[in-house]
Each structure stands twice: as structure tokens, then as C-alpha cells.
S.K.: 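Can you keep this structure in mind? I'll have questions shortly.
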Amino acid sequence: MQPLFNHFKNAETVQFSDNVLTILAANDPTALNVAPQVSLLDERFQGLKKLFILDQGNAITAEIQDLDGRRDDALIGINANVDSYQKHYAETSRTACEALRKLLDKHGRDLYRKSYPEETAGIRSMIDEIEAETSLTEAAATLHLTEWFAELKTANDLFDTKYLERNEAYADAPKEKFAEVREQTEAAYLTLTKHLSAYAVINPSEAYDRVISQIEQLVESYNQTVKNRQSAPAPEEEV
């Protein structure tokens, strides 16, 4: 019954805890001798859910998500446009394509999949190179991508500003940090399952087998989600 907590997204930890509590509520925690442990998990869960809702409802967070999508679209569009010139009949266009393709590959075709800080730094470095090297500036103009790169720079700068604003808001907040409450919630779950397992050994019964089986199936489902995600391209940092 060991969830891969270190790889759970925040939303998954919240939902997982809620699911476990639902299972226990339907199986009489008092009869299972784990009422105090269930109560502690519920207390931690309520605090975690409150912080999660506050974070998701943060206006700055919503702006960050929108601006990240905007710069992602610019990156994807630039890559697609550059690729379309690879077989162009004009040598000047092909040469410009090769120069920009080399630059884009240098920073990674999957740059838009990187964590927020990595993507911000990568885009800034790319724009700095274009602005500093005449050949790249001219290549962008040749492929009619000057406005595309300008859009990418604007979206990235706006994103970075909002990202820093959110960090400042978090730093100024006197409330408990989400990570701390999440860790407490995970610890409460582990304490609960240890008690369940111990009582199942001391006093074997169908009731213990049923609830343990339900939790194990739940854990397997969440862990599989994590494994599926790990085998896919790396996702961006969650908010």
C-alpha cells in the first residue's frame, strides 16, 4: 500500500487522500480500530484541500498558465514555420532555415515541455542570441519570423514578471506552506495503513481484507498514472 507520493502532482495527492477517506468512511473506521488515524488523516486533508483551492484560485496563477500557453504556442509555431522552409526552392531561405534550425535544436525542440524556470531561461537565451548575431536576425527576417520572435519575447517576459509576482506572494504569506501540509497528509496516510495492516494480522477478518484490498487497488491505479506519465515526454512544472 505504498503510493509513489514523491511523483504525485499536488492535485493527485489531494484527490488520493479524499479517495482513501471515502473508502474508510464506507467501512466503519471504529469497527476497524482506526478511527483516530482516520480522524488525523481527515484533519490533514482538510488543511491540504484548503491550501490547494486557494492556490488554484489565485489570479496570478491563472495568468501564469495563460502566458505559458501563449509562449508555448509561439515556440511551436516558430518550429513549424522553420521546418516548412527545409526544402524551399530558394537557397537563401534554406540557409536561413538551417541557421534557425540549429539555434532551435540547441535549446531543445521540447523546450516548451521544460519546467517553468528552464523554459524561461531557454527562451531568453535564444532571443539574446538572435538579437546579438546579425546573421540570425537576418535569418528570422528572411523567413518572415521577426514578429514571431517578438511575440515569443513579449510572452516570455510577461510570464517571468507574473511568475516572480506569485513567488513574492507566496513568500509574504504567513500561512503554512502547501509542501509542509502535503508531507503531513502523506505521513498520516502511512500511519493509518500501518495500523490497518497490524490489526489485520492480529485479528484477521473479511472487513480488514476488504478495506485493504480497496486501498491497494486505489494505490495501484494512482501509481500506474505516475508510471504512464514518466514514460511520456516530461511535463511542465505544475502550479
Side-chain angles (χ1 to χ4, degrees), residues 1-62 64-65 68-69 110 113-116 166 170 173-239:
M1 289 187 288
Q2 181 61 55
L4 299 173
F5 279 134
N6 289 340
H7 301 285
F8 278 16
K9 292 184 177 182
N10 288 338
E12 289 169 342
T13 300
V14 173
Q15 189 59 49
F16 175 80
S17 302
D18 192 19
N19 292 156
V20 171
L21 288 167
T22 298
I23 290 173
L24 268 298
N27 285 278
D28 193 353
T30 300
L32 294 171
N33 297 302
V34 291
Q37 290 74 33
V38 172
S39 178
L40 177 61
L41 177 59
D42 185 53
E43 179 183 336
R44 301 300 190 218
F45 164 69
Q46 295 301 332
L48 188 71
K49 182 171 69 171
K50 180 179 179 181
L51 288 175
F52 181 74
I53 292 173
L54 285 173
D55 183 48
Q56 292 299 297
N58 189 307
I60 296 178
T61 295
I64 286 174
Q65 292 172 332
D68 182 53
D110 64 343
R113 294 183 184 276
K114 301 295 185 182
S115 68
Y116 283 166
R166 189 185 69 168
Y170 283 168
K175 304 171 186 176
E176 291 180 283
K177 301 299 182 182
F178 187 94
E180 295 173 2
V181 181
R182 171 172 168 164
E183 184 177 344
Q184 293 168 1
T185 304
E186 293 169 356
Y189 163 80
L190 294 175
T191 298
L192 167 63
T193 53
K194 285 179 182 178
H195 277 74
L196 275 174
S197 297
Y199 281 117
V201 173
I202 296 171
N203 184 27
S205 71
E206 183 180 339
Y208 284 114
D209 290 343
R210 181 174 60 252
V211 72
I212 289 174
S213 176
Q214 290 175 354
I215 293 177
E216 286 179 339
Q217 289 178 23
L218 181 69
V219 170
E220 182 179 353
S221 174
Y222 275 82
N223 284 354
Q224 188 59 52
T225 297
V226 169
K227 292 173 184 177
N228 291 343
R229 185 164 59 239
Q230 289 176 330
S231 65
E236 292 188 320
E237 174 188 288
E238 70 172 324
V239 295

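The shown structure was predicted, so the numbers you read here are calculated from the model rather than taken from an experiment.
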S.K.: Using side-chain heavy atoms (C-beta onward) and a distance below 4.5 Å, is Val34 in contact with Val211?
M.R.: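 A side-chain contact is absent here, since even the closest heavy-atom pair is not under 4.5 Å.
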S.K.: Between Arg229 and His7, what is the shortest heavy-atom contact and its length?
M.R.: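 So the minimum-distance heavy-atom pair works out to NH2-O, 2.9 Å.
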S.K.: If you take all heavy atoms of Phe178 and Leu48, which pair is closest and at what distance?
M.R.: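 The pair with the smallest heavy-atom distance is CZ-CD1, 3.5 Å.
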S.K.: Which heavy atom in Ile212 sits nearest to a heavy atom in Ala200, and how many Å separate them?
M.R.: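 Distance-wise, the nearest heavy atoms are CD1-CB, 3.7 Å.
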S.K.: Hey, is the main chain of Leu32 close enough, under 3.5 Å, to the side chain of Tyr208 for a donor-acceptor pair?
M.R.: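 Yes; at least one donor-acceptor contact below 3.5 Å.
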S.K.: Could you grab the distance from atom CZ of Arg44 to atom CG of Leu192, nearest 0.5 Å is fine?
M.R.: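 Between atom CZ of Arg44 and atom CG of Leu192 there are 13.5 Å.
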S.K.: Return all side-chain donor-acceptor pairs below 3.5 angstrom for residues 19-31, not counting sequence neighbours, or 'none' if the list is empty.
M.R.:
from  : atom 1 : to     : atom 2 : distance (Å)
Asn19 : OD1    : Tyr222 : OH     : 2.6
Thr22 : OG1    : Asp18  : O      : 3.0
Asn27 : OD1    : Arg210 : NE     : 3.0
Asn27 : ND2    : Ile23  : O      : 2.6
Asn27 : ND2    : Gln214 : OE1    : 3.2
Asp28 : OD1    : Thr30  : N      : 3.3
Asp28 : OD1    : Ala31  : N      : 3.3

S.K.: Going from CZ on Phe5 to OG1 on Thr13, what distance comes out if it is rounded to the nearest 0.5 angstrom?
M.R.: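 Rounded to the nearest 0.5 Å, the CZ-OG1 separation comes to 6.5 Å.
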S.K.: Side chain of Thr193, backbone of Tyr189: donor and acceptor closer than 3.5 Å?
M.R.: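 Checked: pair present.
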S.K.: According to the interplanar angle, ranging from 0 to 90°, do the rings of Tyr199 and His195 count as parallel (below 30°), tilted (30 to 60°) or perpendicular (above 60°)?
M.R.: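 Rings of Tyr199 and His195: tilted, 30 to 60°.
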S.K.: Measure the shortest side-chain to side-chain distance between Gln2 and Leu190 over non-hydrogen atoms and say whether it is less than 4.5 angstrom.
M.R.: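 Yes, side chains in contact.
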S.K.: Starting at CD of Glu220, measure out to NZ of Lys227 and round the result to the nearest 0.5 Å.
M.R.: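 Interatomic distance, Glu220 CD to Lys227 NZ, rounded to 0.5 Å: 8.0 Å.
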S.K.: Using every non-hydrogen atom in the two residues, find where Thr185 and Leu41 come nearest and quote the distance to one decimal.
M.R.: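 Closest heavy-atom pair between Thr185 and Leu41: O-CD1, 3.6 Å.
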S.K.: When you look at Lys49 and Gln46, which way does the side chain to side chain contact (heavy atoms under 4.5 Å, CB included) test go after all the steps?
M.R.: CA-CA 5 Å; Lys49 182 171 69 171; Gln46 295 301 332; 3.6 Å; yes
S.K.: Heavy atoms, side chains only, cut-off 4.5 Å: are Arg182 and Phe8 in contact?
M.R.: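 A side-chain contact under 4.5 Å exists here.
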S.K.: So how far is it from Ser213 OG to Leu218 CG, rounded to the nearest 0.5 Å?
M.R.: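 Interatomic distance, Ser213 OG to Leu218 CG, rounded to 0.5 Å: 11.0 Å.
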S.K.: Indicate yes or no for a side-chain donor-acceptor contact from Ser221 to the backbone of Gln217 under 3.5 Å, with no hydrogens or angles considered.
M.R.: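 No, because the side chain of Ser221 does not come within donor-acceptor range (under 3.5 Å) of the backbone of Gln217.
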